[in-house]
2 protein chains.
Amino acid sequence: MSKIKGSGKGTRKETIIKAAAALFREKGYGAASMRDLAEKVGVEAASLYNHIRSKAEILQEICFGIANEFIVYMDEVENSQLTELEKVEKILRKHIQMMITRHERVYVTDHEWKHLPEPYYSNFHNQRRTYRKRFTAIIEQGIKKGEIKRIDAPTAVIILLQSVNGIESWHRSNHRISAAALEENMVSILIEGIKKN
Amino acid sequence: MSKIKGSGKGTRKETIIKAAAALFREKGYGAASMRDLAEKVGVEAASLYNHIRSKAEILQEICFGIANEFIVYMDEVENSQLTELEKVEKILRKHIQMMITRHERVYVTDHEWKHLPEPYYSNFHNQRRTYRKRFTAIIEQGIKKGEIKRIDAPTAVIILLQSVNGIESWHRSNHRISAAALEENMVSILIEGIKKN
DNA sequence: CCTACCGATCGGTAGG
DNA sequence: CCTACCGATCGGTAGG
């Protein structure tokens, strides 16, 4: 018989990180205090430190956890036999889906990673640059093959990745359209925007 | 003979706000301290309060100053005789140009307005919603006229406005392409993405 | 997991 | 514009 903690939804540490993701998204990392977090979790602030080492550690777990998921997916796509345009669409859809289903952590990762202490900051920064370069390379290859129109590839990457962040405002505004419809609309506009012809 | 303060570039208060915009962009509003700001300006922290009433007042001036500029431009475009698609392009170009030439204030406005104290927060929130609704209405009209393809207009607005924020990373990465080329690439991808046929 | 508390730092004020 | 300082709050620790 295994020892079940909390309400059966992972470890106590996971519960804390989940609450922290919501809190950091709402207030920003700097403005969110450990006392706020403790209240959300239902303990005294000091008790949090039995599960986590520091406030910064929570941010690290969020940022590197999300980043890793994107990197693993990028590996998959790169090794597939899809056309370059299909690869771009796949990656775009992954970002949209992550933003829809895990928006708190994704949002925090994207907006608060600057607050990571060294050496995590530099580490994250490098991972991010590498990821974008890999994405850029796919688009450049697609241009070379004539699948994608002659645009500046890094600019295209910026547009694709930034657009996805707008889903935040879809989330806040009571789901006027379904997640599936949102995804199709975004893909339609963006893939059409870079496709040749 | 008028009294010239600072290095002839506006009032002392403007100097402070300009330095604050750079600081808030770099560290975030919450993590930027008045002592940091004072050091940048070259005075003691207490001296700042001879020119500004509070830290929050600086954020207000930045956010409402930028928002107002966009609203004034929206008025102009709405009253013009352009096609709806041309109106969308005009507004998109305005956002791109503002982000290129005034990126510190625009970035801070977009990322830190949540930290405005009430009633400024609600006020800003309303202005923002109204602006987006006006932009959405232009796109909906363009769809009705057959200039723009049948997409969800609010989703299109999200994509157009969010994409522009990516210019931040262009700014950081040593201007690989010119501002003009960046603008043309963004317009090409995004307007092509929403245009009919 | 709690009580009690630490040194540091925060935004801001008094008074000159 | 400065010195001196305020009360509040911060992240985190000691000790149980």
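No hydrogens, no waters, no symmetry mates; every other heavy atom, side chains included, goes into these values. In the text below, chain A, chain B and the rest are named by the order of the sequence lines, each starting its count at 1.
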Take B:H111 and B:Y107 through the ring-ring contact (aromatic ring centres under 6.0 Å, His included) test and state the conclusion after the steps. CA-CA 6 Å; B:H111 286 77; B:Y107 182 88; 3.9 Å; yes
Lys/Arg N to Asp/Glu carboxylate O, [X] vs [Y], below 4.0 Å:
| X | Y | answer |
| --- | --- | --- |
| B:E76 | B:K90 | no |
| A:R53 | A:E61 | no |
| A:R25 | A:E168 | yes |

Tell me which residues in residues 111-124 of chain A put a heavy atom below 4.0 Å from DNA chain D, sorted by number, or none.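 Hits under 4.0 Å, by residue number: none.
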Footprint string (nucleotides 4-16 of chain C, 5' to 3'): B base within contact, S backbone only, - free, heavy atoms under 4.0 Å: B-----BBBB---
Taking atom C1' of D:dC1 as reference, at what distance in whole Å does atom CD of B:E44 sit?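 To the nearest whole Å, that distance equals 9 Å.
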B:I58 and side chain to side chain contact (heavy atoms under 4.5 Å, CB included): which single residue from B:L23, B:L48, B:V108, B:L37 fits?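 Answer after filtering B:L23, B:L48, B:V108, B:L37: B:L37.
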Using 30° and 60° as the class boundaries, would you call the ring planes of B:F64 and B:Y120 parallel, tilted or perpendicular?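 Ring orientation, 0 to 90° scale: perpendicular.
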When the ring planes of A:Y121 and A:W113 are compared, do they come out parallel, tilted or perpendicular, using 30° and 60° as the limits?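 The arrangement is parallel - the two ring planes meet at less than 30°.
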Cation over ring, B:K55 on B:Y29, under 6.0 Å and within 45°?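 Satisfied, under 6.0 Å and within 45°.
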With both distances kept under 3.5 Å, what pairs with C:dG16, Watson-Crick or G-U wobble?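 In the structure as shown, C:dG16 has D:dC1 as its Watson-Crick or wobble partner.
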